[in-house]
Amino acid sequence: MEKEEDFMHDDGSKKETRKFKRRQMGLSCMLNTEVGAVLAVIRRPELTPLYNIPSSEDSCDSSVISSLRSLRSLIFNPQQEWRTIDPSIYLAPFLDVIQSDDVPAAATGVALSSVLKILKFEVFDDKSPGVREGMESIVSGITSCRLEKTDPASEDAVMMKILQILTGIMHHRASALLSDQSVCTLVNTCFQVVQQSATRGDLLQRSARYTMHELIQVVFTRLPEIEAKDREGDSESDMEDGDEGGGLESGYGVRCAIDIFHFLCSLLNVVSIVEADGSTSHTADEDVQIFALVLINSAIELSGDEIGKHPKLLRMIQDDLFHHLIYYGTWSSSFILSMICSTVLNAYHFLRRFIRFQLEAFFGYVLFRIASFGSTIPLQEVAVEGIINFCRQPTFIVEVFANYDCDPCCRNVFEEAGRLLCKHSFALNGHLTSLHIQSFEGLLIMIHNIADNIDKDGHHLGPHTIQLPTYRPFWEEMDKEEEDLEDWVKHVRMRRLQKKKLLIAANHFNRDNKKGLEYLKHAKLISDPPDPKAYAYFFRYTPGINKKAIGEFLGDPDAFYLQVLKEFTATFHFQGMNLDTGLRFYLESFWLPGESQKIQRVLEAFAERFYDHQSSDMFASKDTILILCYSLIMLNTDQHNPQVKKKMTEEEFIRNNRAINAGKDLPREYLSELFQSISTCAFSLEKTTVSLDMNPSRWIQIINRSKVVQPFTQCDFDRRICRDMFACIAGPAVAALSSFFEHADEEEMLHECIEGLFSVARICQYGLEDTLDELITSFCKFTTLLNPYASIEETMFTFSHDLKPRMATVAVFTIANYFRDSIQGGWKNIVDCLLKLKRLKLLPQSVIDFESVDVPTTPESGVVSPTDDHKFGSQRVASMISRFLHLSSESMEDGLTLGSEFEQNTKMIKMCNIGSIFSNCSNIPKECLQSLGRSLIFAAAGKGQKFSTPVEEEETVEFCWDLITAISIANVHRFHIFWPNFHEYLLSVAQFPMFSPIPFVEKGILGLLKVCLKLFSAPRDEKQAEELIFKSVNLMWKLDIEILDTFHDVISHSSSKILIEYHANLQTQIGWKSVLNLLSPVWRHPENYDVGFEVLIALFSDGTRLSRTNYGDCVDFAFGFFLAKNIPGEKKKMILDLLVGSVKMLIQWHRNQYTDPGSNASIASYSSNSSIEDYSRGTVASANFMSQLSKLGEVFRRTCLSRQEEVRNHAVSSLYKSFNLAEELFYLSPNCEHYFNSVIFAMVDEIHDKMLEYSKRENAERETRSMEGTLKLAVELLSDMYLQSFRQLTEIPGFRGIWLGLLRRMDTCMKADLGQYGSSNLGEIVRNLLRKIITQMKDEGILEPREEDDMWEITYIQIQWSCPSLKDELFPL
């Protein structure tokens, strides 16, 4: 077995050996063939002696031929491995041919092909001896290729082969060993071919450009692979010094990439200036610029963020590249601008952390400026497309907002971009162009991006607004990486608020300097005491501020403002600037004051700062700079003031500035440059605006500032930041959305508008309710339902034949369904649209199903706090958008008949799902609910409505009240929170000048009764809701009191249900009183007697329904039933018996200290150790008891006048029974005298008067005698009650009055005269009653002669007057 394995191993080795030998033999044959081919071409005679080139072998250099022959002799002898041979041995003969002057082009081409084969066949690799020198020799040979004896066709072929070899070199395994210089040489050679190919064939030119691209790819692909040791030399030293990454051991590296990138940037400068007709124009080689931009893009894409690890290469991108891009981007063609935008976008992807201010400058000086209306349409389209491409990046808009819009020292890049897209989305002439469509798509991208990220789960919403509780320097930034995310978000939002307040302060400052500075303190933008640095940054970075005022403050001699001047100047960075550039930039930030002393202070501060930032030793001291600044300002005045006739010459300027540098002269060339600069371009000493161009001083300032300010912060979306972002562009975005929808005709565009509409709504639900209201208002007008001048027929025709109104209608009501929690003022327009649909008969008969109204279970407080769970998320967008697919124009093609149109419109309205808007609104915030209620109530009252017929008005009012009822029932759990505002709206409606209570009150009271039934169907702890609803109910029937009779049937059944089924939930007096008042008209309608009597029995037969709060109202209600017509006597007597039985409840409440079902007080709550409190409470309780008993007694008194004798007599006996039941508590009250006067005495008087009235009528003897009988019972009642209680009555202060009152009534009855019907029978009865009363009083010692009391004398006189026959018997002498 082992032998077999050894045999197989030997056999495999032999195969590998044979394979290796075959390869080596193949390489040898290939080299031999190539040598032979070169020799053959050299020996071949020329066919065309056009160029007089010798054709003999002798004309060639003998050394070239001998080297080729020597190589041929070594190829097959001896046989060996080519990889181990120094490549220079077999490369040198071919390279000699390539570099030879005497070799024809054909031979050069063959030699180049041979070298290319050697590279492609990999005859050597990176391990071969002498490979570095071999590769270098190839580079040297190829780049020094000589074409002395050639023709154009052959030259093109040679160039093509050179390009192939350049590619082969860089793709070879050993290319990494090339030096930086060699790689740069290859690239330079390739570019030379590119240049030469410009005048040759298109194939060569394309091949050269492709090869250049290949070389750049290879070089910059290797950049991420460079080892750390290659980066150590890449320091902050000058680019020309050092040999980083290109040493003999490591091969080419960073230095090579730096040089090549610098070369590519220089290609952007291929621009010539042409002057013609007195004007200067820029003529650029766009072909070269585009080629350079393609290569730069490729380099950035391949290197990625690795560029940030190489400071020199990064500085080149930050400075050289962006400076060129911004400069040429402002005036290049649309194609160049497009490429520039792509380059900047690539730089943003990989290097945005390092190019914060460069990006800001690119947007401000290039994109925003070109995208404005001053440029041509193609350039505007390219600029807008560039902005849109940035907005397509996942986190671009939020990063831009956080880095620029929330930085008081930067411009509002996001806001400007959004507003610019909005501005271009407007179709001013009514026609949509490609620019309008492009801008609108960009705006939608921005809106969708915000909406999708604001809906992300896991984010805490936080407060809608942010305050500045304390002073924080607005120029200080926070590093996101070092701080908590929550703190960073708060910091960013706070800086945004500071930025807004700074603009407000600037506005105040421009009007009144002192008020502006005071506002800074009030807004906590500066500390107390003030910080000079805060003033300095306010003057320096706040846009639109009055620069003349800044100059005056900076020149102020006060110590504080001197420090402000110092801090202000410290915000400038003058490194790398010439003096004229720095001074020019410095003076652009303010208006130089007019006083010489102020000018001196300002220039001294500048001179000191400029001197500190100079790296050269040109200036001996800051005094030199100060003197030179004065000289430049004077020169500026001399050269550019039209009043100066004789201008200063350059020589005079130089002579004036001799020996100012510590006694020495400044370089003449330097002073000459300064003179030319000032003469050519004046200082803007008195300009309030600055140039919009990117000048050198501004660019140097950007570069210097980027070195000291925090880099670009990369971040993700946060809900609060998203809300703040959209708030910046909310108004223009809504206007643009509406305008585009108005002018769009294509269905696809309309659908895009609708999607944008929903995205805006998704954003607005997080604290931007005003914007959502504005959006709804805008889109409601597209429904054509709010046109006041269109007839119903016109509206119906437009609505049926135009897709846009239908889409707008479904969109509006879809928003009302999904975003009802955020709608406030927009409800008015929604309600108006809804009412118009009702008039168009497009709504079903019953929009609201009251049985399906959702009433959630909430805490006792009833307060609903909207949470993020109720917010509309992105996961529901698809289902919402899908409904619009059914509204396409294709689906409407067959809708030609009236019937089909109506069916389609009805189907469309069904899609709106209008009913759920109102039945499922139980969780909407209070403000939204109030706005909805106000809109419905005002619409029901006719505000803003026009009715053509009374029927239409009634239907509209009924519909509105149905909706009001639905939302009230849905929110019954928090009725006490929202209804006070609803009641105020009802009061306001009643004050309308043209208000008509019909049918508003009729429909309103029915709706309110439905709410009452829902409200009282469950027990409630708080009483406010009950009071509120009945205040509104009472308001309704008081506006039209006849309403109680008009709808007595519905009102009586609703009221009886409340009193019978839900009586336990009626807790307030106003509630009971109101319900009983509503039920009171039942006695005027015999068909409802049974309902009323059932309620009456339920009230008085069950003690759980009566309470001290409702007792008086229930008694009044019973009396009302008693007075009703056609009530049988038996029922009246039953009512009286029920009232008598209620006295037991009065006694029970008094004994239990009023802890009745209607009282919330408990027995324990009345326990007190204070006797004074006990006495006071007992007195109040007795007074309440007597008040209720008197109330009952007055009812009995009034029933004693009934026309039915048996009922009258029963009433008298009922009064006596009630007195007997309450006798034990009767005397505890101090109001006993009032009871006798108002009830007992009044009853006798009224019956007596009624009897006399009957006695004067004709044919009324029976009625008179009947009333006489009742009076007899009343007098006996009076006598019995007095005899029953006179002992207790004597102890009260009013006893004397009661006794005299009794004697007067007896006297009246004694002298009663029935006139034509004969004498009365009362005399004897009264005489007996008096005898009995006086006798008993004398026996008890109450009535007897006393010196201090005249009751005996008064009684004697009264008896003598009324009944003389008893005088002697009762008062003997």
Side-chain angles (χ1 to χ4, degrees), residues 216 220 257-258 260-271 282-304 307-308 312-372 375 378-390 393 396 400 404 411 413 417 691-706 712:
I216 298 299
F220 285 90
I258 293 173
I260 293 176
F261 202 88
H262 184 269
F263 169 71
L264 296 179
C265 291
S266 67
L267 295 181
L268 297 175
N269 277 326
V270 184
V271 178
H282 298 271
T283 303
D285 190 344
E286 290 190 0
D287 190 55
V288 176
Q289 287 183 332
I290 292 172
F291 179 58
L293 287 171
V294 170
L295 297 178
I296 291 172
N297 267 330
S298 180
I300 296 176
E301 292 167 356
L302 295 171
S303 302
I307 295 178
K312 288 184 179 180
L313 189 56
L314 178 62
R315 287 198 306 272
M316 189 174 298
I317 292 178
Q318 291 173 326
D319 194 348
D320 294 358
L321 176 61
F322 266 92
H323 194 191
H324 289 130
L325 294 179
I326 293 174
Y327 176 73
Y328 293 114
T330 56
W331 55 268
S332 297
S333 65
S334 58
F335 192 14
I336 296 293
L337 179 60
S338 177
M339 292 299 301
I340 289 175
C341 291
S342 299
T343 305
V344 177
L345 181 60
N346 288 334
Y348 163 79
H349 272 299
F350 302 110
L351 304 171
R352 59 181 177 272
R353 179 172 172 79
F354 309 102
I355 54 174
R356 176 181 178 182
F357 297 106
Q358 288 83 350
L359 284 175
E360 180 189 13
F362 178 73
F363 275 93
Y365 291 99
V366 179
L367 292 184
F368 293 158
R369 183 178 176 184
I370 295 177
S372 301
S375 304
L379 281 175
Q380 288 182 10
E381 291 180 349
V382 173
V384 169
E385 182 62 31
I387 296 174
I388 295 173
N389 286 334
F390 275 97
Q393 311 313 310
F396 171 78
V400 165
Y404 304 122
R411 67 190 302 163
V413 176
S691 172
L692 297 177
D693 295 327
M694 174 57 72
N695 53 44
S697 60
R698 220 179 252 121
W699 181 253
I700 295 174
Q701 183 72 8
I702 289 175
I703 297 302
N704 292 335
R705 189 179 173 204
S706 64
F712 192 94

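Just so we're clear, the structure is a prediction, and the values are computed from it rather than from any experiment. For reference, positions follow the sequence shown, starting with 1.
In this structure the side chain of Leu321 reaches within 4.5 angstrom of the side chain of Leu268, judged on heavy atoms. Side-chain atoms of Asn297 and Met339, non-hydrogen and from C-beta on, do get closer than 4.5 Å to each other. Using a 4.5 Å cut-off on side-chain heavy atoms (C-beta onward), Leu367 and Cys341 make contact. Val366 has its side chain within reach of Leu337: a pair of non-hydrogen atoms, C-beta onward, lies under 4.5 Å apart. Here the side chains of Phe712 and Leu351 are not in contact, with every heavy-atom distance at 4.5 Å or above. Within the 4.5 Å cutoff, no side-chain heavy atoms of Ser706 are placed close to those of Arg356. The shortest distance between side-chain heavy atoms of Ile703 and Gln358 falls below 4.5 Å. Two residues are said to be in side-chain contact when any heavy atoms from C-beta on lie closer than 4.5 Å; Leu264 and Ile216 meet this criterion.
Ring-plane geometry between Trp699 and His323 is classed as parallel, the angle between the planes falling under 30 degrees on a 0 to 90 degree scale with a further cut at 60. Aromatic ring orientation, Tyr328 versus His324: parallel (interplanar angle below 30°, classes split at 30° and 60°).
Aromatic ring centres of Tyr348 and Phe396 lie closer together than 6.0 Å. Phe357 has its ring centre no less than 6.0 Å from the ring centre of Phe363.
Scanning both residues, Val382 and Ser338, for their nearest heavy atoms gives CG1-N, 3.5 Å. Closest heavy-atom contact between Ile290 and Ile336: CG1-CD1, 3.2 Å. Across all non-hydrogen atoms, the minimal contact from Val288 to Leu267 is CG1-O, 3.7 Å. Of all non-hydrogen atoms in Ala361 and Ile326, the two that sit nearest each other are CB-CD1, 3.7 Å. Considering every non-hydrogen atom in both Pro378 and Ser334, the closest pair reads O-CB, 4.3 Å.
The backbone N or O of Val413 lies less than 3.5 Å from no partner atom in the side chain of Glu360, so there is not a single donor-acceptor pair. A distance-only check finds no donor-acceptor pair linking the side chain of Ser303 to the backbone of Ile300 [under 3.5 Å]. Between the Asn704 side chain and the Ile700 main chain, a donor and an acceptor come within less than 3.5 Å of each other. Distance alone, capped at 3.5 Å, places no donor-acceptor pair between the Ser298 side chain and the Val294 backbone.
Judged purely by distance below 3.5 Å, without hydrogens or angles, the side chains of Gln393 and His349 pair a donor atom with an acceptor atom.
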For a side chain to side chain contact (heavy atoms under 4.5 Å, CB included) check, start with the C-alpha distance between Phe291 and Asp287, then their side-chain angles and the critical distance, and finish with the verdict. CA-CA 6 Å; Phe291 179 58; Asp287 190 55; 5.8 Å; no
Before you tell me yes or no, could you show the steps for Asp320 and His262 under side chain to side chain contact (heavy atoms under 4.5 Å, CB included), namely the whole-Å CA-CA distance, both residues' side-chain angles and the distance that decides it to 0.1 Å? CA-CA 8 Å; Asp320 294 358; His262 184 269; 3.8 Å; yes
Side chain to side chain contact (heavy atoms under 4.5 Å, CB included), that's the test. Do Ile702 and Phe322 meet it? Break it down for me. CA-CA 11 Å; Ile702 289 175; Phe322 266 92; over 6 Å; no
Between Ser332 and Glu286, does a side chain to side chain contact (heavy atoms under 4.5 Å, CB included) hold up when you go through it step by step? CA-CA 8 Å; Ser332 297; Glu286 290 190 0; 5.7 Å; no
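Within the cation-pi definition used here (under 6.0 Å to the ring centroid, within 45° of the axis), Arg369 does not qualify as a partner of Tyr365.
To the nearest 0.5 Å, the span separating SG on Cys265 from CD1 on Ile260 amounts to 12.0 Å. Atoms CD and OG1, from Glu301 and Thr343 in turn, are 8.5 Å apart once rounded to the nearest 0.5 Å. Put simply, CD on Gln380 and CD1 on Ile370 are 10.0 Å apart, with the number rounded to the nearest 0.5 Å. Taken from CD1 in Ile296 to CD in Gln289, the straight-line distance is 10.0 Å, to the nearest 0.5 Å. Atoms CG and CZ, from Leu314 and Phe261 in turn, are 10.0 Å apart once rounded to the nearest 0.5 Å. Between the CG atom in Leu379 and the OG atom in Ser372 there is a gap of 12.0 Å [rounded to 0.5 Å].
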